[in-house]
Protein chains: 2
Amino acid sequence: MSTHAHDPGWRAHAHATLEREGFRAGAARGRVVDALARQDCCATAQEIADELRGDDARVGIASVYRALEVLDRLGLVHRLDVGDGTARYEAAHPGGEHHHHVVCNQCGRVAQFADDGLEQAIATLSQRLDFAIDQHDVVLRGSCPNCR
Amino acid sequence: MSTHAHDPGWRAHAHATLEREGFRAGAARGRVVDALARQDCCATAQEIADELRGDDARVGIASVYRALEVLDRLGLVHRLDVGDGTARYEAAHPGGEHHHHVVCNQCGRVAQFADDGLEQAIATLSQRLDFAIDQHDVVLRGSCPNCR
DNA sequence: GTGAATGCAAACTCTTTGCATGACT
DNA sequence: AGTCATGCAAAGAGTTTGCATTCAC
């Protein structure tokens, strides 16, 4: 699996891509990349900012949003909404490996899952649409074990 | 198909459910139900309010949100986000028939599609998760015919 | 030294809430 | 008549933008 936390591969890939694209190595964006590399699932901009609060220097929320916007534009992160109206972000792996999300209707907990049959079905149906599909998101909703 | 615009079945069902649940027949909520029955795909609160602007009386945006909140709680509408951060709503048919959405990355156009293989895959994978799944959303992203 | 990156604060958008008025039963 | 429903305006929450300062190259 390559969707583990502490993913040094993605971290290096992201930093390399940023440099290749001509971005300077500022502190804020670098820390956001590091925070995302540490995450094993999606995080909100606020959660990322809060995590960086503990470090020696503070990172402004605006810089977090700006960094995420750049990373999203470069395809390095994936932006998603699980239904609560706040955007979440997670590292996007170059190989295309990815997962989807399950949200608990009661407590709001977000978990992840991956399923080949699902990917297969999406790949197949995408071919018959008149849109040229290059991305997809699946969000399941229900009750988590604790709330059932 | 029962996902056609001008769905009198859903409209009647919604009005009946509201009455059965003890809600009074106010003008604003009634008009929101009517507007949703006319929609063939998801609409934002603002779009619904704008559509009702043309009528003889005006409907406040707050009333639209309040009506949508009630309808969502009663399971009469489905709330979804296609990625732009604004909530969209569409009639939820009691039989469970539903569709999913494709969004154009360039122009933002939202279209709908339905696929049995996809539903099948989701039903199957849902059984092996530790969450009790009762709802799902799929959003595909790509380029629409006009933007390709 | 030059221009990009950052942090703060203000602006913006979407959504919710408070409150007085009006409408349904 | 008694409440619920509505509209307006203000408040909240999340996100974006303006601008002066700092930092990377």
Side-chain angles (χ1 to χ4, degrees), chain A residues 14-35 42-74 76-77 79-89 108 110, chain B residues 14-35 42-74 76-77 79-89 108 110:
Chain A
H15 280 293
T17 303
L18 285 167
E19 183 176 0
R20 173 163 40 78
E21 294 292 325
F23 290 93
R24 291 186 181 178
R29 187 160 47 219
R31 282 162 182 273
V32 170
V33 168
D34 294 351
C42 52
T44 65
Q46 193 60 63
E47 285 166 356
I48 293 170
D50 289 346
E51 188 184 330
L52 298 177
R53 191 62 42 88
D55 294 2
D56 48 3
R58 79 217 93 162
V59 175
I61 190 74
S63 297
V64 174
Y65 278 110
R66 276 189 279 238
L68 291 170
E69 198 263 325
V70 166
L71 295 171
D72 187 32
R73 187 150 37 84
L74 296 180
L76 292 169
V77 303
R79 178 184 188 158
L80 66 122
D81 189 307
V82 298
D84 63 350
T86 71
R88 282 157 200 274
Y89 304 82
V110 179
Chain B
H15 280 294
T17 302
L18 285 167
E19 183 177 0
R20 173 163 39 78
E21 294 291 325
F23 290 95
R24 291 185 180 177
R29 186 160 47 218
R31 281 160 182 275
V32 170
V33 168
D34 295 350
C42 53
T44 64
Q46 193 60 62
E47 285 167 355
I48 293 171
D50 289 346
E51 189 184 329
L52 298 177
R53 191 62 42 88
D55 294 3
D56 48 2
R58 79 217 92 159
V59 175
I61 189 74
S63 297
V64 174
Y65 278 109
R66 276 189 278 238
L68 291 170
E69 199 263 325
V70 167
L71 294 170
D72 188 32
R73 187 149 38 86
L74 296 179
L76 292 168
V77 303
R79 179 184 189 157
L80 65 122
D81 189 306
V82 298
D84 62 351
T86 72
R88 283 158 199 274
Y89 303 82
V110 178

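Values reported hereafter were calculated over all heavy atoms of this structure, with side chains retained and with hydrogens, waters and symmetry mates removed. Order of the sequence lines sets the chain letters (A, B, ...), proteins ahead of strands, with each chain counted from 1.
- Not one N or O on the side chain of B:Arg29 forms a donor-acceptor pair closer than 3.5 Å with the backbone of B:Arg66.
- Straight-line distance from the CG atom of A:Leu18 to the C1' atom of D:dA24: 14 Å, rounded to whole Å.
- Of the residues listed (A:Val32, A:Val77, A:Leu18, A:Leu76), the one engaging A:Val70 in a side chain to side chain contact (heavy atoms under 4.5 Å, CB included) is A:Leu18, and it is the only one.
- Closest approach of B:Arg88 and B:Asp84 over heavy atoms only: NH2-OD2, 3.0 Å.
- Each end of the helix from C:dG1-D:dC25 to C:dT25-D:dA1 gets its own axis, taken as the rotation carrying the C1' atoms of four end pairs onto the next four within a five-pair window, and the two axes meet at 30° to the nearest 10 degrees.
- With a 6.0 Å radius and a threshold of 12 heavy atoms from other residues, nucleotides or ligands, B:Glu69 has its CD atom above the threshold.
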Shorter than 3.5 Å, N or O on both sides, protein versus nucleotides 23-25 of chain C: list them out with atom names.
residue, atom, partner, partner atom, Å
C:dC24, O2, B:Arg24, NH1, 3.0

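- For B:Ser63 and D:dG7, the shortest distance from a side-chain N or O to OP1 or OP2 is below 4.0 Å.
- Contact annotation: the side chain of A:Phe23 approaches that of A:Leu74 to within less than 4.5 Å [non-hydrogen atoms, C-beta and beyond].
- Rounded to whole Å, atom P of C:dA5 lies 17 Å from atom CZ of A:Arg31.
- One atom, CG of A:Asp84, and another, P of D:dA13, lie 14 Å apart when rounded to the nearest Å.
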Going 5' to 3' along nucleotides 10-21 of chain C, which nucleotides have protein heavy atoms under 4.0 Å from the base (write B), which only from the sugar-phosphate (write S), and which from neither (write -)?
-> ----SBBBB---

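- As rounded to whole Å, 15 Å separates atom C1' of D:dA13 from atom CD of A:Glu47.
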